[in-house]
Amino acid sequence: PLKGANSSQRNAWFKACPDRWKVIVTLDWGDDRSLATELETVILDADAAQWPSLEKKLVGVLENPECTDVARDFVVRMLRMIGSPACVGTLKPMLSDPKKADVARYALESIAGEEASAALRDALGSLKGAPKAGLIGSLAVRGDKKALPALKAIAADAAESAEVREAAQRAATALSA
């Protein structure tokens, strides 16, 4: 029903269907992905003025205790496109969970503002190994010079894994340039 439809037609069709925001919470591997595709289309077609209300709905999905891992990954990918500092508080706790840290940091990399950078910096002490190295890379991608002292300390810390020390050194070098 969406093929060839304009933005207004898609939104009207979308509104006439069951509440996708409640259904998306249960998205799992092997499920019909058309619902996720429809939500993504609505988000991609939205004007910037509509992003705050869509962001609020996406955050509501993440905060639902029944939210599956697959739904969380999908929702966070959508927040990467339209997220603002308003969703940082929901993403920040995910950074301390090695299973959720990668997807959360990908979204935070794209969210403008000091809130996202601070969330990433604050999580440095909560991860180890590859998730921490990835987090360090996200700080470098954001160009977060406030992270330099912590990165230099991590690069010099013999208690850190070689992978983490190397990531910290690369990030520190990039941020010092």
Side-chain angles (χ1 to χ4, degrees), residues 1-123 127 130-131 134-144 146-147 174:
L2 297 177
K3 189 171 186 171
N6 66 34
S7 172
S8 296
Q9 291 168 323
R10 283 194 295 267
N11 280 329
W13 181 84
F14 183 81
K15 288 177 183 176
C17 293
D19 186 349
R20 268 108 170 99
W21 300 104
K22 290 180 181 173
V23 177
I24 196 72
V25 169
T26 62
L27 184 65
D28 211 346
W29 298 117
D31 285 356
D32 177 359
R33 302 277 307 170
S34 61
L35 171 64
T37 301
E38 291 166 14
L39 279 172
E40 185 175 20
T41 299
V42 167
I43 289 166
L44 291 172
D45 284 351
D47 294 322
Q50 296 170 307
W51 292 353
S53 65
L54 291 168
E55 178 183 36
K56 189 173 183 176
K57 289 180 179 191
L58 290 166
V59 166
V61 171
L62 287 178
E63 292 176 345
N64 186 320
E66 295 177 20
C67 183
T68 64
D69 292 345
V70 175
R72 181 191 61 243
D73 290 355
F74 170 77
V75 167
V76 174
R77 283 195 312 274
M78 297 302 101
L79 286 172
R80 183 171 192 204
M81 293 186 284
I82 67 165
S84 74
C87 71
V88 171
T90 300
L91 295 170
K92 183 178 178 176
M94 293 169 61
L95 291 170
S96 62
D97 181 338
K99 289 181 168 181
K100 300 175 184 176
D102 276 347
V103 71
R105 73 180 176 84
Y106 291 142
L108 289 165
E109 280 180 12
S110 300
I111 295 172
E114 173 58 22
E115 297 89 344
S117 294
L120 291 165
R121 284 193 307 271
D122 291 350
L127 295 171
L135 182 72
I136 289 167
S138 291
L139 289 165
V141 167
R142 287 184 64 80
D144 186 3
K146 288 183 181 180

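Residues: numbered from 1 along the sequence shown. For clarity, every value in this text was computed on a predicted model and none was experimentally measured.
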For [X], side-chain contact (heavy atoms from CB on, under 4.5 Å) partners two or more places apart:
| X | result |
| --- | --- |
| A104 | M94, L95 |
| S84 | E55, A86 |
| P52 | none |
| S53 | none |

Residues in side chain to side chain donor-acceptor pair (under 3.5 Å) contact with [X], at least two apart in sequence or another chain:
| X | result |
| --- | --- |
| D102 | R105 |
| K92 | D122 |
| E63 | T90 |
| D45 | R10 |

For residues [X] and [Y], report the shortest heavy-atom separation together with the two atoms involved.
| X | Y | answer |
| --- | --- | --- |
| D69 | R72 | OD1-NH1, 3.0 Å |
| I43 | W51 | O-NE1, 4.3 Å |
| L27 | A36 | CD2-CB, 4.2 Å |
| L108 | A116 | O-CB, 3.6 Å |
| A71 | V25 | CB-O, 3.5 Å |
| A112 | P85 | O-CG, 3.4 Å |

Between side-chain atoms of residues 73-81 and protein atoms elsewhere (two or more places apart, or another chain), which donor-acceptor pairs fall under 3.5 Å?
from	atom 1	to	atom 2	distance (Å)
R77	NH1	D73	O	3.4
R80	NE	Y106	O	3.1
R80	NE	S110	OG	3.0

- prompt: To the nearest 0.5 Å, how far apart are CD1 in I111 and CG in L120?
  reply: 9.0 Å
- request: Hey, could you give me the CD1/CG distance between I24 and D19, rounded to the nearest 0.5 Å?
  value: 11.0 Å
field: Results of salt bridge (Lys or Arg N to Asp or Glu O under 4.0 Å) for R142 - residues two or more places apart only
entry: none
Contacts of K146 that satisfy salt bridge (Lys or Arg N to Asp or Glu O under 4.0 Å) - sequence neighbours left out: E114
task: Give every residue pair that meets the salt bridge (charged side-chain N to carboxylate O under 4.0 Å, His left out) criterion with at least one member in residues 25-35, sequence neighbours excluded.
output: none
- prompt: Do L58 and C87 have side-chain heavy atoms sitting under 4.5 Å apart?
  reply: no
query: Do T68 and W29 come within less than 4.5 Å of each other through their side chains, counting heavy atoms only?
result: no
